[in-house]
Structures are given as structure tokens and as C-alpha cells.
Amino acid sequence: MQRLESLHKRFAVSHKSLFNSACTLNSFLDSTETYYDQLLKSCNVLAALKQIHSSLTTSGLITQNPHLGAQLIIKYTKYGEPNTSRSLFNNLQSDKPNSFLWNTMLRAYTNSGHFVETVELYSLMRRSGISSNNYTFPFVLKVCASKSLILNGKVVHADVIRTGFHSDIYVEAALVDMYAKCGQTDDGCKVFDEMSMRDLVSWTSMITAYEQAEKPKEALLLFQKMQQEGLLADSVTIVTVASAVGQLGDAMRAQEVHGYAICNAFLEDLCVGNSIVAMYAKCGNVEQSRVVFNQMQERDGISWNSMLSGYTQNGQASEALLLFDEMQDSGCKPNPVTALIMVSACAYLGSRLHGRKLHNFIINRNIKIDATLCNTLMDMYAKCGDLDTAECMFNDIHPSERDVSSWNVLISGYGMHGHGKKALELFTRMQDEGVEPNHITFTSILSACSHAGLIDEGRNCFADMTKLSVKPEAKHYACMVDMLGRAGNLYEAFDMIKQMPSPPNDSVWGALLLACRIHGNMELGEIAANSLFQLEPEHSGYFVLLSNIYAASNNWQEVGKIRQAMKYKGLKKPAAFSMIEYRNETYGFYTADQVNPYNKEVYEKVESMSIEMKMAGHVPDLSCVLHDVEEEDKEHMLNYHSEKLALAFGIMKIEPELAIQITKNLRVCNDCHSALKIISYIYGRKIIVRDVNRFHHFGGGACSCKDYW
DNA sequence: TTAGGGTTAG
């Protein structure tokens with residue numbers, strides 16, 4: 001309070017000398033603002049402004065010097081009184097109209113986010129015959145850029161040319177930015193190419209334009225050209241360049257950018273640090289992200305969010321959960337973006353416990369649940385096996401507030417749980433309610449048809465795409481190939497790939513390879529695998545699938561060759577891992593796990609389950625063991641698959657009336673799949689398994705996937 | 001005596 005009183009005294013002293021000169025006023029206004037800003041955000045700066053305003057009006061100074069009025073206009077708007085600014089502006093300009101005051105009012109509106117008012121005022125300015133100048137255009141263009149008002153932007157561009165300011169470096173940079181943000185990169189490029197002089201900001205604007213248009217190669221090429229012309233980047237340029245490298249996913253270039261930032265001391269800039277963290281994560285080098293993150297002198301919410309999302313993107317959702325705790329310990333408050341990232345992490349993990357806890361956290365912390373967060377929460381529940389809650393949330397959204405993503409999430413939720421018919425019903429309902437399906441809707445519905453084996457319905461949906469002008473992309477073809485492959489129509493699937501308008505990607509060939517593995521087609525399997533080895537030479541999963549095909553036909557020689565190739569390339573099959581939740585705790589099991597706390601009990605149960613299954617007629621499917629070993633050893637290996645260990649744990653611990661839910665990081669093997677079916681029958685238990693592709697609901701000796709997965 | 005370029009989520 002004492003500090004506040006002294007401020008008031010200083011204010012009074014300055015106020016007395018205020019009439020002496022305009023210079024005193026400006027510095028006074030600035031100092032008032034700074035002091036109040038720093039000391040008390042809620043302090044009544046407005047009262048101070050009003051006092052000054054009235055003194056200036058009484059003395060008549062305000063009409064003599066336009067800059068005094070301009071200061072008040074800017075500050076009134078800044079402190080939440082745009083209307084007071086506007087009436088002051090109206091009074092002043094009716095007295096003595098000049099461009100400077102108009103520019104000031106435009107500046108006040110633009111910088112305080114009153115975009116509609118900026119556009120309206122500019123329009124009034126034109127009608128009133130006040131001439132615009134090089135200061136006018138950047139403000140208006142900035143609004144057109146941030147609101148994607150391309151039509152208004154073009155009108156302003158015409159005004160720029162008409163008034164002869166098209167060679168002003170500030171106006172040109174603003175034009176480049178406006179076109180870029182309106183998605184018209186080519187027009188922006190044209191302005192950029194025609195510039196007679198370019199400074200760092202012009203170059204950065206154009207580099208950003210390419211980066212925003214997801215053309216990272218062009219962005220980086222331009223960055224190179226800029227350096228060739230002898231310009232040194234600043235921190236803003238580096239942020240954009242880092243983002244472009246992230247889009248490209250080029251780990252080598254990521255190191256170069258990082259090096260450049262270190263050499264030029266840009267890393268001290270918080271934004272640069274954040275962008276480097278995000279860049280490394282997008283290039284798959286999340287360890288390096290963490291190193292940079294740990295080295296940062298200062299961190300804000302974006303730093304934490306970048307690191308959290310880096311872990312999630314790279315499949316290290318558990319690390320994200322740990323870091324989330326650290327974030328709170330450090331005193332950084334999670335924001336809605338943090339919530340979104342963490343909900344996605346829980347969805348990835350398939351952890352219902354963490355998901356629910358997080359949802360409660362979001363509610364308790366009053367984090368606003370907007371449409372996106374709501375949809376992500378629904379998605380999380382569906383992916384954690386709690387489709388009921390996802391449905392409830394969907395029903396709770398007012399019909400007028402359901403967007404296309406809300407429908408997509410639920411359609412895809414039904415799909416992954418094998419409820420194809422329900423997904424189709426929802427697909428029809430959304431259209432009846434006037435919501436247009438987009439490319440994601442079609443991915444969800446096609447995949448739902450595929451999971452449920454609804455071939456004809458799937459074909460119809462694929463045909464609907466053209467009718468609804470949604471262009472089929474590779475991912476849609478992948479769903480179709482998966483669906484046809486499931487039905488055993490391998491050659492029809494292969495024909496579909498050949499007819500694709502764009503080159504097939506890895507997911508398309510991957511779907512064919514999976515179908516070949518299930519139906520034991522070595523000929524097409526080899527074609528698919530060879531294409532995959534060219535497209536994704538480092539992806540171990542495809543090697544494993546092909547070796548599965550050979551193993552199934554006892555072709556151990558080929559299996560050996562693949563193992564050799566994998567060894568040569570340094571590829572390893574990721575360790576199989578299954579997770580189960582019991583009474584607020586999460587338990588994880590690796591294959592042949594020797595470290596879990598229930599080791600002895602679990603292994604005893606596995607052995608007894610194995611006998612029970614045999615008695616019920618289960619024959620171990622030894623083709624699932626890739627190693628060329630004795631039959632008896634193979635059977636032993638099968639028993640210790642991670643999902644079987646988790647299952648044994650679940651049978652022992654989880655109350656009989658509750659479903660046993662297991663999440664696995666890879667695809668469930670054939671033997672485990674039949675074992676799960678038979679166990680569901682013997683023990684009369686409901687077992688839900690989420691594997692890398694979908695959910696399997698086991699009960700009464702059958703699975704919802706109808707044995708295709 | 002006013003002006004142009006930036007990072008995180010899906």
C-alpha cells in the first residue's frame with residue numbers, strides 16, 4: 001500500500017508539471033502505465049487517464065497537439081475502453097481531420113483485437129476521403145490476415161497500388177503476410193518476388209508463409225537463399241525455420257538449426273527454446289527435446305506443452321504423465337492445450353484410470369472444456385474401452401453444438417469396438433441432421449465397416465465419397481484394402497491398389513500384407529512387403545509380418561533371412577507389453593516377464609490355465625512363435641506372452657462380475673486370440689483386449705472381431 | 001510521430 005501511495009504522490013507531482021510540455025506528458029503517461037502495470041494489474045489506470053484527459057481538455061492542449069490525443073486514444077483502448085477512445089477520436093478529427101489520428105485509431109483497434117471495428121473504420125476512412133498512407137495499410141492488412149479476410153485484403157491491396165505505396169517495405173511485408181495467412185501463398189510470393197528491397201522481416205514473412213502452407217522444403221530453400229544474400233537470421237526467423245524442419249521430420253537438419261541457434265545465442269529467447277524442443281520431438285528425437293528442455297533457463301506453458309506433446313507424439317505417453325506431475329510441482333498451471341495433450345496421452349495409453357482422473361482434474365481446475373477438448377475426451381473414453389461414457393458425453397452435447405468431429409469420434413469409437421451397424425446408423429443420422437461428412441468421417445466409417453466385416457456397406461460408403469465430393473485419399477484406400485483383404489478378396493484389393501490415383505503409401509501396402517498374413521498368401525505378401533521395405537525400410541513391424549507369413553508355412557529358411565536382414569539393419573521387434581488396471585493401480589507385463597511383483601502367482605495360474613484350455617480342446621498355435629525351436633519350447637514361449645500373463649493376473653484379482661480389460665502395444669497373436677476366447681468360455685468372463693489396431697470383446701468363447709484382426 | 005515476421009494441441 002505504501003508503494004501505491006508513493007505512486008499516487010508521484011502522479012500528482014507529474015500532473016502539476018503536465019501542462020509544461022507534450023514531452024513530459026508522454027513520458028508521464030508511459031511511466032504511469034509501466035508503474036501501474038508492474039505493481040497492480042487491477043489498479044485503476046483508467047482513473048489516471050481520465051484525470052489527464054480532463055486536464056488536457058480544460059487547458060485546450062488536446063486540440064493543439066494531436067499526439068496528446070493519440071496517446072489517450074491508444075491507452076483508453078488498451079485498458080478496455082475503446083468507446084471512450086472512439087468518442088475522443090470523433091471529437092478530435094471533426095475539429096481537425098488528419099490521417100495521423102485515423103491511423104492512431106486503427107492502431108488502437110488492431111492492437112487490442114477489435115478487428116471488426118478496424119475494418120469498419122477503414123471503410124469509413126475511404127468514404128470520408130481521408131487519404132491512407134504507408135502507416136495505414138499494415139494495420140488493416142494485419143486484421144485481414146488474422147481473420148482470413150481475403151476479399152477485404154484484396155481491396156486493400158488495390159488501394160495500396162492506387163495510392164502508390166506498393167513499394168513501401170512495411171506495406172509489402174504486411175501484404176505477403178496477409179496473402180499467406182489467407183492461404184494464398186502464390187500471391188504472397190508474387191508480392192515478395194516483385195519487392196525492390198527486402199529486409200529480414202520480408203524474408204521471414206515469406207519463409208513463414210511457406211511454413212504455414214506446409215511447404216517446409218520451400219521454406220528451408222528460401223532460408224538458404226536469404227543466408228546467401230548475406231542476411232543473418234534473428235530469433236523470429238529461427239522459430240519459423242525450426243517449425244519447418246519439424247514438419248519435414250529431418251533429424252539431421254534439426255541438429256543444424258539447433259547448432260545455428262546456439263552459435264548465435266538465440267537459445268536465450270524463450271520462443272526459440274520452445275520451438276527447438278518441438279522440432280526435435282517432431283523429428284522423432286524426443287531425448288534431445290528433453291535435453292534442450294532441461295537446459296532452458298526459463299520455461300512457460302508452451303515449453304511444458306511442447307515437451308508433453310513431444311512425448312505423446314513419440315509414443316512415450318507414460319513419460320508425458322510423469323512430466324505432467326513435474327509441471328504441477330514446478331507451479332506451472334496446466335491450460336486447455338495441456339489438457340488436450342494429456343487426454344490424448346491417456347487415449348494412447350488406453351488407461352481408463354488415468355483418463356478418468358484427468359477428466360476430474362480438468363473439471364476441478366475449471367479448465368474450460370471447449371468443443372475440441374470435449375471431442376478429445378470422448379475419443380479418450382472410447383479408446384480406453386469405456387464406450388458408454390463416450391456415448392453419454394455425445395448425448396449431453398446439445399444437437400446444435402455437435403460438430404463434425406463429435407460425430408467422427410463416436411463413429412470411430414463404434415468402429416474400433418466392432419459395432420459396425422451402430423457406426424453406420426450414426427453415419428446416416430449425422431447426414432439427416434445436416435452435418436456433412438469429411439475425410440475423417442469416411443476413414444472412420446470405412447474402418448468401422450472393415451472391423452465388422454460389412455463389405456457391401458463399406459463399398460457403398462466408398463462410393464458415397466464421390467457423391468459428397470470428398471476425394472478418396474490413401475488412408476481411405478487402406479481401409480478398403482483392409483476390408484477386402486479381410487473377406488479374402490486379396491486380388492480385388494490388389495487391383496484397387498493398382499487403380500489408386502496417387503502412389504500407394506505404407507498403410508495401403510501394410511493392409512495388404514496383413515491380409516496376406518491372415519490368408520497365407522505368400523505371392524502377394526512378398527509384393528506388398530517389397531514395396532514396404534522400399535517405403536519404410538526402418539519399420540520393423542513389416543519385417544515381422546512377412547516373417548510371420550513364412551513361419552506359418554514352416555519356411556524357416558526365409559524366416560532366418562528376414563531375421564538376418566533385421567539384425568543387419570539394427571531393427572528390433574518392439575518388446576510386447578500388456579497392461580491391466582486393478583483397484584486404482586496399473587500393472588504391466590512384458591513377455592516372459594520375470595520382474596512383476598506377482599511373478600510366482602501369475603506363472604502358476606498361467607500353467608493351470610494352459611491345462612484347463614487343453615482339456616477344453618485348445619490346440620496351441622505354434623506358428624505364432626517365430627523362432628525355429630523345438631515344438632515343446634514353442635508352446636512354453638506361447639504361454640508367457642504378455643497378454644496371457646496379464647490375463648492370468650486379471651482372472652485371479654478382478655472381481656468375477658467385472659470385465660477384464662487388457663491393453664497391448666502390438667497385435668494379439670493367433671494363439672493368444674484363441675486362448676482368450678476359450679478362457680472367456682471356461683471362466684464365464686467378459687474380457688476386453690485393446691491391441692494396436694482395435695478392441696476385441698471376448699465372451700462365451702467368441703470374439704467381436706469374428707477372428708479377423 | 002504512428003508500421004511488417006514467431007513457438008504448443010487435433
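Because the structure is a prediction, the values reported are computed rather than measured. The sequence lines fix the lettering, A, B, ..., with proteins before strands; numbering per chain opens at 1.
The nucleotide whose nearest atom lies closest to any side-chain atom of A:V239 is, among B:dA3, B:dG5, B:dT7, B:dT7. Here B:dA3 is the nucleotide among B:dA3, B:dG5, B:dT8 with the atom lying nearest to any side-chain atom of A:P138. Of the candidate nucleotides B:dA3, B:dG4, B:dT7, B:dA3 has the atom lying nearest to any side-chain atom of A:F139. Of the candidates B:dA9, B:dT7, B:dG6, B:dT7 carries the atom nearest the A:I302 side chain, counting heavy atoms from C-beta on. Here the side chain of A:V236 is nearest to one of B:dG4, B:dA9, B:dG6, namely B:dG6. Distances were taken from every side-chain heavy atom of A:N103 (C-beta onward) to each of B:dA9, B:dG4, B:dT2; the shortest belongs to B:dT2. Counting only heavy atoms from C-beta on, A:S275 has its side chain closest to B:dT7 among B:dT7, B:dG6, B:dG4. The side chain of A:A174 approaches B:dG4 more closely than any other nucleotide in the set B:dT7, B:dG4, B:dG5. Listed candidates were B:dG4, B:dG5, B:dT7. Nearest to the side chain of A:D199 is B:dG4.
Within 4.0 Å of A:I169, counting heavy atoms only, lies at least one base atom of the nucleic acid. If you check every strand for non-hydrogen atoms under 4.0 Å, A:N133 touches nothing. The residue A:T237 sits close to a base: some heavy atom pair falls under 4.0 Å. Looking at heavy-atom distances under 4.0 Å, A:L175 makes no contact with the nucleic acid at all. Base engagement by A:D269 is indicated by at least one non-hydrogen atom pair under 4.0 Å involving a base atom. The residue A:S306 sits close only to the backbone: its heavy atoms come under 4.0 Å of sugar-phosphate atoms, none of a base. A:N134 comes within 4.0 angstrom of a nucleotide base, judged by non-hydrogen atoms across all strands. The residue A:S303 sits apart from the nucleic acid: no heavy atom pair falls under 4.0 Å.
Taking the six-membered ring for Trp and thresholds of 30 and 60 degrees, A:H114 and A:Y109 have ring planes inclined between 30 and 60 degrees apart. Taking the six-membered ring where the residue is Trp, A:F293 and A:W304 present perpendicular rings, their angle passing 60° and hence far from 30°.
Put simply, A:Q313 has a side-chain N or O that comes within less than 4.0 Å of OP1 or OP2 on B:dA9. For the pair A:K142 and B:dA3, the criterion of a side-chain N or O lying under 4.0 Å from OP1 or OP2 is not met. Phosphate proximity of B:dG10 to A:T376: absent, as no side-chain N or O sits under 4.0 Å from OP1 or OP2.
Atom pair A:Q247:CD and B:dT8:C1' shows a separation of 14 Å (rounding to whole Å applied). One atom, CE of A:M197, and another, C1' of B:dG5, lie 16 Å apart when rounded to the nearest Å. Rounded to whole Å, the distance from CG on A:N305 to C1' on B:dT8 is 5 Å. Between the P atom of B:dA9 and the CG atom of A:N274 lies a distance of 11 Å, rounded to the nearest Å. B:dG6 atom C1' lies 9 Å from atom CD of A:E211, rounded to whole Å. Rounded to an integer number of Å, the gap from A:I341 CD1 to B:dG10 C1' is 10 Å. Going from atom CE of A:M380 over to atom P of B:dG10 covers 15 Å, rounded to whole Å. Remark: P of B:dG4 and CH2 of A:W203 are 22 Å apart, rounded to the nearest angstrom.
Between A:F192 and A:W203, a ring centre-to-centre spacing shorter than 6.0 Å is recorded. In this structure, A:F442 has its ring center closer than 6.0 angstrom to the ring center of A:F427.
Atom NZ of A:K475 has more than 12 heavy atoms from other residues, nucleotides or ligands within 6.0 Å.
Ring stacking is absent between A:Y135 and B:dA3, as the pair misses the limits of under 5.5 Å between centres and under 30 degrees between planes.
At a cut-off of 3.5 angstrom, the base of B:dG5 holds at least one donor-acceptor pair with the side chain of A:D234. Not a single donor-acceptor contact under 3.5 angstrom links the side-chain atoms of A:S205 to the base of B:dG5. A donor and an acceptor atom never sit less than 3.5 Å apart when one is taken from the side chain of A:T240 and the other from the base of B:dG6.
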Using side chain to side chain contact (heavy atoms under 4.5 Å, CB included), reason through A:N408 and A:N438 one step at a time and then give a plain yes or no. CA-CA 9 Å; A:N408 291 348; A:N438 62 14; 3.2 Å; yes
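Between A:R86 and A:E120, none of the side-chain N atoms (NZ, or NE/NH1/NH2) sits under 4.0 Å from a carboxylate O, so this pair counts as no salt bridge.
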